[in-house]
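What follows is a set of notes on a single structure, which appears directly below.
All chains are named by letter (A, B, ...) in the order of the sequence lines, taking the proteins before the strands, and each is independently numbered beginning at 1. As the structure is a prediction and not an experimental result, all values here were calculated from the model.
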Amino acid sequence: MSDHVFRAPKGTRDILWPDSARWRTLVEVFSEVVGSAGYLEVIPPIFEHVEVFQRLGEATDVVRKEMYSFEDKGGRTIALRPEQTASVVRAFAEHRPALPYKAWYAGPNFRYERAQKGRFRQFEQVGVEVLGPTDPHLDAEVIALGWRFYERLGLRRVTLLVNSLGTAADRARYVEALRTHFTVDQDALSEESRATLESNPLRVLDSRREADAPLIAAAPRMLDHLSGDAAAHFAGVTAALDAVGVPYIISPRLVRGLDYYVRTTFEFATEALDAAQNAVGGGGRYDGLAAELGAPDTPGVGFALGVDRTLLACDAEGVFDAPAAAVDVFVVDVTGGDEAVVLTDLIRADGLRADRAWDGRSMKAQMRAADRSAARLAVIVGEDEKAAGTVTVRDLRGDSEQETVTRDQMIQTLRTRLR
RNA sequence: GUGAUCGUAGCUCAGUCUGGUUAGAGCGCCUGGUUGUGGUCCAGGAGGUCGCGGGUUCAAAUCCCGUCGGUCACCCCA
């Protein structure tokens, strides 16, 4: 053994079983839920030309200071994706699939930031994106799919927050109203918020600092600054959510971190986790993004859900059962191991799962291994069985009698006892 | 990026403040009791450069500095 133990890089970690099994279950449930609405999987590359992500907005921290970018050997400036919306929309611009284009994805993203619970440098998201329609019913479909997914997983303590940022023009007017509001009393703001005010007044609404609370509470509300068009769109979204029974809270100060959102924005928060990582998913409408990435002007809406945090919420709510056994049958061979080679192969060929012990260990050790494997049945072969062409089948979980049967009867016996 | 806190066996931790014999416990693991039977019990055993590097000291897991990593808050976000 080397004298140095390597560790996974800061902010990354290995997902071992049974966590890996939960991870897979989550993605399977997600693909079933969105698949039921006709969404099809897209698998974009993990890195892109850096400009693709710069279109997300120079004011966002995700782009400005958290991006993993580097020059490749061909002199291209490449970035590991910090999120997948930009990649999916870029793929849409490049291939121009038929409208509406409804896609889902699952995979890792990368952001260079200080890791803590529920926040990693490599983190997993699942999400959907739809390009084409402007219909508010589509916003509601997307939101409802996120909600149904959490429901199907078994989470009960998820809250849906919705808001509208209005059209791009509404948003610009609102930003100015906010700037005025905060600037008048900026001495009352925290130092950090005064800096934020310079670059992006919307984000001041997101501050968790106590000093800022009074001024934020008194700030103008976005929903009061909507144009008639945007207000009607938002009313359409909420009416559709009402119609399908998805509960939501209108949250006039909900601001999301990516600058491309217009009109509908939403966030899924869990009460099962501390405030620092309670945002388990979010999304919204991004009508200008496709044009930014070179496609004809095409509206879009979507969301991304954090797999790591969702799994944390699942653990907090105890939605997963104890992990299942890895195998059905464990072969114990005390004649040297040659019998186990053949028997495990026969059992596996029949569609059952089988494992065995290695290195010629004692029967006691092999039986212990059989017990720990969580297999329901043991197939035991000693010198007697080998000579007689039989095997002994023993129930490891119940109290039924063990029996010795011919090799021809083995599969049938295992099948019967597993039933 | 800022501030705080922690890092001792595979895991969970005691020991650190008040430096001093071979660094401990529980669980897990291995072997045996039971030369053909696991899960309980009993006995024995393996396993640690006390995160890493430097300093102070006769002596450092223990004090000091640095560094890496975890965690928490801010920031940001999923």
Compile the donor-acceptor pairs under 3.5 Å between side chains in residues 41-49 of chain A and protein atoms, sequence neighbours left out, one pair per line.
from, atom 1, to, atom 2, distance (Å)
Glu48(A), OE1, Arg90(A), NH1, 2.9
Glu48(A), OE2, Ser87(A), OG, 3.3
Glu48(A), OE2, Arg90(A), NH1, 2.6

- Task: Between G38(B) and G32(B), how far apart are the P atoms? Round to whole Å, please.
- Result: 12 Å
- What residues 106-117 of chain A contributes to the RNA chain B interface at heavy-atom separation below 4.0 Å is Arg111(A), Glu113(A), Arg114(A), Gln116(A), Lys117(A)
- Item | With sequence neighbours excluded, residues passing ring-ring contact (aromatic ring centres under 6.0 Å, His included) with Phe70(A) | none
- Message: Mind checking if Ser207(A) touches a base, just sugar-phosphate, or nothing, with heavy atoms under 4.0 Å?
- Response: sugar-phosphate
- Task: Provide, to the nearest angstrom, the distance between the CZ atom belonging to Arg368(A) and the P atom belonging to G38(B).
- Result: 9 Å
- Taking any strand in view, what nucleotide pairs with C41(B) in a Watson-Crick or G-U wobble way, both distances under 3.5 Å? G33(B)
- G69(B) versus C50(B) - spacing of their C1' atoms, nearest Å: 16 Å
- Have a look at Gly127(A) and say if it touches a base, only the backbone sugar-phosphate, or nothing, with a 4.0 Å heavy-atom cut-off. nothing
- With sugar-phosphate meaning primed atoms plus P, OP1 and OP2, does Ala370(A) contact a base, only sugar-phosphate, or nothing at under 4.0 Å between heavy atoms? nothing
- Arg119(A) side-chain N/O to U71(B) phosphate OP1/OP2 under 4.0 Å: no
- Between Lys10(A) and Asn278(A), who's closer to the 5' end of RNA chain B by nearest nucleotide? Lys10(A)
- Task: Would you mind classifying the nucleic acid contact of Phe268(A) as base, sugar-phosphate or nothing, using non-hydrogen atoms under 4.0 angstrom?
- Result: nothing
- Is His225(A) reaching over with its side chain to a backbone N or O of Gly166(A), donor-acceptor style, under 3.5 angstrom? no
- Base paired to G66(B) (Watson-Crick or G-U; both N/O distances under 3.5 angstrom): C52(B)
Run the side-chain donor-acceptor check on residues 28-36 of chain A: report pairs under 3.5 Å with partners two or more places apart or on a different chain.
from, atom 1, to, atom 2, distance (Å)
Ser31(A), OG, Glu28(A), O, 3.0
Glu32(A), OE1, Arg152(A), NH2, 2.7
Ser36(A), OG, Val33(A), O, 2.6

- Assign each of Pro9(A) and Gly118(A) the nucleotide of RNA chain B bearing its closest heavy atom; nearer the 5' end lies the nucleotide of Pro9(A)
- For G70(B) versus A23(B), give the span between their P atoms, rounded off to a whole number of Å. 30 Å
- Message: With no hydrogens and no angle check, just 3.5 Å: does a side-chain donor-acceptor pair link Asp355(A) and Ser373(A)?
- Response: no
- Rounded to whole Å, CD of Gln122(A) lies from P of A78(B) at a distance of 17 Å
- Item | salt bridge (charged side-chain N to carboxylate O under 4.0 Å, His left out) partners of residues 383-399 of chain A, not counting sequence neighbours, each pair once | Asp371(A)-Arg397(A)
- Task: Would you mind telling me which of Asp170(A), Leu205(A), Val175(A) makes a side-chain contact (heavy atoms from CB on, under 4.5 Å) with Met222(A)?
- Result: Leu205(A)
- Message: Would you measure the distance from the P atom in C11(B) across to the matching atom in G28(B) and give it in whole Å?
- Response: 15 Å
- C1' spacing across the pair C30(B) / A46(B), given as an integer number of angstrom: 7 Å
- Message: Categorize Val334(A) for me: base, sugar-phosphate, or nothing, with a 4.0 angstrom heavy-atom threshold over every strand shown.
- Response: nothing
- Winner on side-chain proximity to Arg7(A), out of G69(B), C75(B), U37(B), is G69(B)
- Task: Would you mind reading off the distance between Lys364(A) atom NZ and G33(B) atom C1', rounded to a whole angstrom?
- Result: 7 Å
- Roughly how far apart, to the nearest Å, are A14(B) and U67(B) at atom C1'? 27 Å
- Interatomic distance at P, G51(B) relative to U16(B), whole Å: 15 Å
- Task: Report which part of the nucleic acid Arg13(A) touches: base, sugar-phosphate, or nothing (heavy-atom distance under 4.0 Å, all strands).
- Result: nothing
- Below 3.5 Å, does any donor atom in the side chain of Asp371(A) face an acceptor in the base of G39(B), or the other way round? no
- Message: The criterion is salt bridge (Lys or Arg N to Asp or Glu O under 4.0 Å); which residues satisfy it with Arg263(A), sequence neighbours excluded?
- Response: Asp229(A), Asp287(A)
- Got a sec, which residues hit side-chain hydrogen bond (donor to acceptor under 3.5 Å, both in side chains) with Thr265(A), two or more places apart in sequence or on another chain? none
- Message: Only pairs with both distances under 3.5 Å count, Watson-Crick or wobble alike; so what is the partner of A60(B) in this structure?
- Response: none
- Item | Glu141(A) side chain near Val244(A) side chain, heavy-atom distance below 4.5 Å | no
- Item | Those residues of residues 397-419 of chain A lying under 4.0 Å from RNA chain B by at least one heavy atom | Arg397(A), Gln402(A)
Cut-off 3.5 Å, no hydrogens considered: what does the side-chain donor-acceptor table look like for residues 311-329 of chain A, sequence neighbours left out?
from, atom 1, to, atom 2, distance (Å)
Glu317(A), OE1, Arg156(A), N, 2.9
Glu317(A), OE2, Arg156(A), N, 3.4
Glu317(A), OE2, Arg157(A), N, 3.0
Asp328(A), OD1, Arg353(A), NH2, 3.1
Asp328(A), OD2, Arg353(A), N, 2.9
Asp328(A), OD2, Arg353(A), NE, 3.4

- Could you give the distance separating U12(B) and C68(B) at their C1' atoms, to the nearest angstrom? 23 Å
- Query: Out of A78(B), C76(B), C30(B), which has the shortest distance to the side chain of Thr196(A)?
  - Reply: C76(B)
- Message: Could you tell me how far apart Leu396(A) (CG) and G39(B) (P) are, to the nearest whole angstrom?
- Response: 11 Å
- Ignoring hydrogens and angles, answer whether the base of G36(B) and the side-chain atoms of Glu385(A) contain a donor-acceptor pair closer than 3.5 Å. yes
- For atom CD1 of Ile380(A) and atom P of G39(B), their distance in whole Å: 13 Å
- Item | Gap between atoms CG and P, on Leu273(A) and A73(B) respectively (whole Å) | 10 Å
- Query: Across all strands, who's sitting opposite A73(B) as a Watson-Crick or G-U wobble pair, both distances under 3.5 Å?
  - Reply: U2(B)
- Message: Would you say that Met410(A) contacts Ile347(A) through its side chain, given a criterion of any heavy-atom pair below 4.5 Å between the two side chains?
- Response: yes
- Could you check which nucleotide pairs with G26(B) in any of the strands shown, counting Watson-Crick or G-U wobble with both distances under 3.5 Å? C11(B)
- Whole-Å distance between G69(B) P and Asp14(A) CG? 15 Å
- Got a donor-acceptor pair under 3.5 Å from the side chain of Arg394(A) to the base of G38(B)? yes
- Query: Any luck finding a side-chain donor-acceptor pair between Ser251(A) and Asn163(A) under 3.5 Å?
  - Reply: no
- Any strand: nucleotide that pairs with G19(B) via Watson-Crick or wobble, under 3.5 Å: none
- Please give, in whole Å, the distance from G70(B) P to Arg121(A) CZ? 8 Å
